[in-house]
Amino acid sequence: MTQTTDAIIIGAGVIGTAIALELNRLGMGTVSVDKNPASGYGPTSSSCAIIRVHYSTLDGTAFAFEGYHYWRDWAEYLGAEDERGMAEFRETGCLVMCTAQNDFMRRHSAHCDELKIPYERWDAKKIIERLPIYDLTSYWPPRRMDDPTFGEPGTGRVESGIFFPTAGYVTDPQLSTHNLQVAAEAAGGRFVFGRTVIEILQSNGRIGGVRLDDGSEIHAPVVVNVAGPFSADVNALAGALDDMTIGTRALKQEVAHVPAPEGFDFYEMGMVVSDSDIGCYVRPEKGNFILIGSEDPECDPREWVDPESYDRNFSDQWTHQAYRYAQRVPSLRIPSRMRGVVDLYDVTDDWIPIYDKSAVPGFYMAIGSSGNQFKNAPIAGRMMARLIEYCEAGNAHDTEPLQFELPYIKRQIDVSFYSRKRQINKDSSFSVLG
Ligand SMILES: Cc1cc2nc3c(=O)[nH]c(=O)nc-3n(C[C@H](O)[C@H](O)[C@H](O)COP(=O)(O)OP(=O)(O)OC[C@H]3O[C@@H](n4cnc5c(N)ncnc54)[C@H](O)[C@@H]3O)c2cc1C
């Protein structure tokens, strides 16, 4: 059976479903295709779903601050009720340790000053008041446990941090994606699950639709690649790789889940903490657990993988992360049974995503989310929908880039910041921090 629509979206993760919602709001019908059995079952389901506002670049910071508001006003933004319930944003705030590695947050605080993002400076006393389980001895540089100097203090202590109140995390990233799907369906979007796009159809030099693994076709003049770690494969299917200066690759990631130290309610009292001194970030989790992720310090080897056939088991990376955090929290209990997630980031060469058209008329991409774009999904969806509308109206985005106003913070961004043809952005942290 052949379906026809205005736009096909490959991938129903959190960004893919947000694009579906926003295209329908602009009056373009969509069919989303995902090989998984439901929305948000890919890397989105493993996301720590941290909503934070500090990024290395001014544009990245503005985008994230804009993004925060959609989670704050989630029900209002969606305008549709999901009978499974609505995702919850726990606004715990985020503490970032000031270290020599992040230049004591000078650049980040300058961005926040310019954008009027609230933050507080905490000294060591205030940090310990809020997190009495913490020991602020410095352990820089982060090491792995097989390093004979692992656990030996470096010089000095962490003396201060910056606390961002407009931050936290979404408790159920998969449910938030389902919420977006329900809103997209209410606006006219359709979803096909359990089917893989195996071919991208083209005729007369532009996109014509897709062929699925059951042989069926869906016809549309627009196809959007939101395939996460499979993004490079989907770009190859479309023949869209040739003019790109920025590539994407799948990177394996592990997140450790450990119980909080006995006697301290980290779920109620804790917050998101980014700690470059030990190369870890953490956030609270239900059941008084703590999620521990890596901030990609130099000691952690990067494991680039084939997304189709990588090993989904924990490795010793889990243990390295947990023990690094135990340097900061000496009373941490590390269970012998590993819990947590193993999944993939879709990483660009500079860890900044690509939100762009392509060299193939009608083919677009929202890819390379580099472990840091869950928070931006709603605004990325809105910006992609406007970009598609702009290009399909005949505008040449590559030479006259779309200028897009971020509706909440009323700031204009030049969308070529996210171009597939940009030079590597040297201001990036080249890590999950973006
Ligand atoms: C461990 C981990 C922790 C993270 N933590 C955070 C965080 O704290 N904060 C933050 O902002 N971001 C975080 N991220 C990043 C964030 O989760 C991702 O940026 C976001 O979920 C990507 O969403 P997406 O819509 O691009 O799709 P994805 O979730 O990547 O899904 C892509 C979908 O495409 C489908 N697909 C692929 N190829 C095909 C095909 N050929 N045919 C049909 N379907 C196809 C897949 O089945 C999949 O469902 C984290 C990511 C990971 C892995």
Side-chain angles (χ1 to χ4, degrees), residues 8-20 31-53 55 60 63-64 67-68 71 94 167-170 173-174 176-177 180-181 191-200 210-213 218 223-238 248 250-257 272 274 281-283 291-295 307-308 321 340-348 351 353-355 365-378 380-381 384 432-434:
I8 297 159
I9 299 161
I10 305 174
V14 68
I15 301 171
T17 49
I19 295 172
V31 176
S32 299
V33 183
D34 201 298
K35 56 184 162 187
N36 281 328
S39 59
Y41 269 39
T44 293
S45 65
S46 302
S47 185
C48 294
I50 290 170
I51 312 300
R52 63 178 162 92
V53 290
Y55 270 74
F63 209 54
Y68 151 81
W71 299 107
C94 171
Y169 65 95
V170 174
Q174 204 170 74
S176 70
T177 310
L180 284 162
Q181 178 193 335
F191 286 78
V192 175
F193 291 111
R195 288 280 161 246
T196 303
V197 171
I198 54 161
E199 194 181 333
I200 295 183
V210 298
R211 180 169 292 120
L212 308 184
D213 56 348
I218 308 174
V223 169
V224 193
N225 175 4
V226 205
F230 294 87
S231 66
D233 297 344
V234 171
N235 276 345
L237 283 182
T248 53
L251 180 68
K252 184 175 170 182
Q253 282 295 315
E254 299 180 32
V255 178
H257 294 195
V272 175
S274 161
Y281 69 86
V282 298
R283 75 148 169 89
L291 304 195
I292 310 169
S294 169
E295 289 193 346
E308 202 69 72
Q321 282 168 213
V341 297
V342 180
D343 217 313
L344 299 177
Y345 292 166
D346 179 39
V347 176
T348 65
W351 292 72
I354 301 172
Y355 295 124
M365 56 186 92
I367 61 173
S369 60
S370 304
N372 63 55
Q373 292 292 304
F374 176 90
K375 62 185 73 56
N376 292 334
M384 280 301 296
V432 68
L433 298 174

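Ligands are counted one by one from 1 in listed order, and the atoms in each one are counted from 1 as well.
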Check A49 against ligand 1 and report side chain, backbone, both or neither, counting heavy atoms closer than 4.0 Å. backbone
Checking the N or O distance criterion of under 3.5 Å, is ligand 1 in contact with G371? yes
Identify which of I50, V272, D34, D233 has a heavy atom lying nearest to atom 46 (C) of ligand 1. D34
Heteroatom proximity flag, Y345 to ligand 1, N/O under 3.5 Å: no
Could you tell me whether A366 and ligand 1 have an N or O pair separated by under 3.5 Å? no
Any N or O of I15 closer than 3.5 Å to N or O of ligand 1: yes
Atom 31 (O) of ligand 1: of P43, S32, S46, the nearest heavy atom sits on P43
With a 4.5 Å cut-off on side-chain heavy atoms, are V341 and Q253 touching? no
Is there a nitrogen or oxygen of G16 sitting under 3.5 Å from a nitrogen or oxygen of ligand 1? yes
Check each of N376, T44, L344 against atom 53 (C) of ligand 1 and report the one with the nearest heavy atom. L344
Rounded to the nearest 0.5 Å, the NZ atom of K375 sits from the OG atom of S47 at a distance of 7.5 Å
Would you check if the side chain of D346 reaches a backbone N or O of I367 as a donor-acceptor pair within less than 3.5 Å? no
By number and element, which atoms of ligand 1 are closer than 4.0 Å to a non-hydrogen atom of V255? 1 (C)
Could you tell me whether R283 approaches ligand 1 through its side chain, its backbone, both or neither, with non-hydrogen atoms closer than 4.0 Å? neither
Indicate, as side chain, backbone, both or neither, the part of T17 found under 4.0 angstrom from ligand 1 when only non-hydrogen atoms are considered. neither
Look at the aromatic rings of W351 and Y345 and report parallel, tilted or perpendicular, splitting at 30° and 60°. perpendicular
Which ligand 1 atoms, with their elements, are less than 4.0 angstrom from a heavy-atom of R195? 43 (C)
Nearest non-hydrogen protein atom to atom 30 (O) of ligand 1, with distance, is G228 CA, 3.3 Å
Heavy atom of the protein closest to atom 11 (O) of ligand 1 (residue, atom name, distance): K375 NZ, 2.6 Å
Within 45° cone of F230 ring axis and under 6.0 Å: K35 NZ or CZ: yes
Measure the spacing between CZ of R195 and CG of D213 and express it to the nearest 0.5 Å. 5.0 Å
With a 3.5 Å distance limit and no angle check, can you tell me whether R283 reaches the backbone of A49 through a side-chain donor-acceptor pair? no
With a cutoff of 4.0 Å, is Y41 in contact with ligand 1, counting heavy atoms of the residue only? no
Please state which protein non-hydrogen atom is closest to atom 27 (O) of ligand 1 and give its distance, to 0.1 Å? G13 CA, 3.6 Å
Under 3.5 Å: donor-acceptor pair, side chain of S370, backbone of G368: yes
When rounded to the nearest 0.5 angstrom, what is the spacing between CD1 in I10 and CD1 in I19? 11.5 Å
Whether N372 side chain and V432 backbone form a donor-acceptor pair below 3.5 Å: yes
Indicate yes or no: does an N/O atom of K35 lie under 3.5 Å from an N/O atom of ligand 1? yes
If you scan protein heavy atoms around atom 34 (O) of ligand 1, the nearest is G11 CA, 3.3 Å
Is a side-chain donor or acceptor of N36 paired with a backbone partner of D34 at a separation under 3.5 angstrom? no
CZ/R211 to CD1/I218 distance, rounded to the nearest 0.5 angstrom? 12.0 Å
Ranked by distance from atom 41 (N) of ligand 1, the top protein heavy atom is V197 O, 3.2 Å
If you measure from OG on S45 to CG on D343, what distance do you get to the nearest 0.5 Å? 6.0 Å
Between G340, S47, S369, P37, flag the one that comes closest to atom 17 (O) of ligand 1 by a heavy atom. S47
Just by modelled atom types, is the E254 backbone N or O under 3.5 Å from a matching donor or acceptor in the Q321 side chain? yes
Close-contact set for ligand 1 against I10 heavy atoms, below 4.0 Å: 39 (C), 40 (C), 42 (N)
If we only count N/O pairs under 3.5 Å, is V14 in contact with ligand 1? yes
Any luck finding a side-chain donor-acceptor pair between T248 and S231 under 3.5 Å? yes
Closer than 4.0 angstrom: is that true for some heavy atom of P229 and an atom of ligand 1? yes
Could you check atom 5 (N) of ligand 1 against the protein and tell me its nearest heavy-atom contact, residue, atom and distance included? C48 N, 3.1 Å
For the 3.5 Å polar cut-off, considering only N or O atoms, please tell me whether D343 and ligand 1 meet it. no
In ligand 1, the atoms that come under 4.0 Å of a heavy atom of V226 are 25 (O), 26 (O), 32 (C), 34 (O)
Residue part near ligand 1, for F230, under 4.0 Å between non-hydrogen atoms: side chain
Taking all non-hydrogen atoms of both residues into account, name the closest pair between F374 and V170 and its distance. CE2-CG2, 3.7 Å
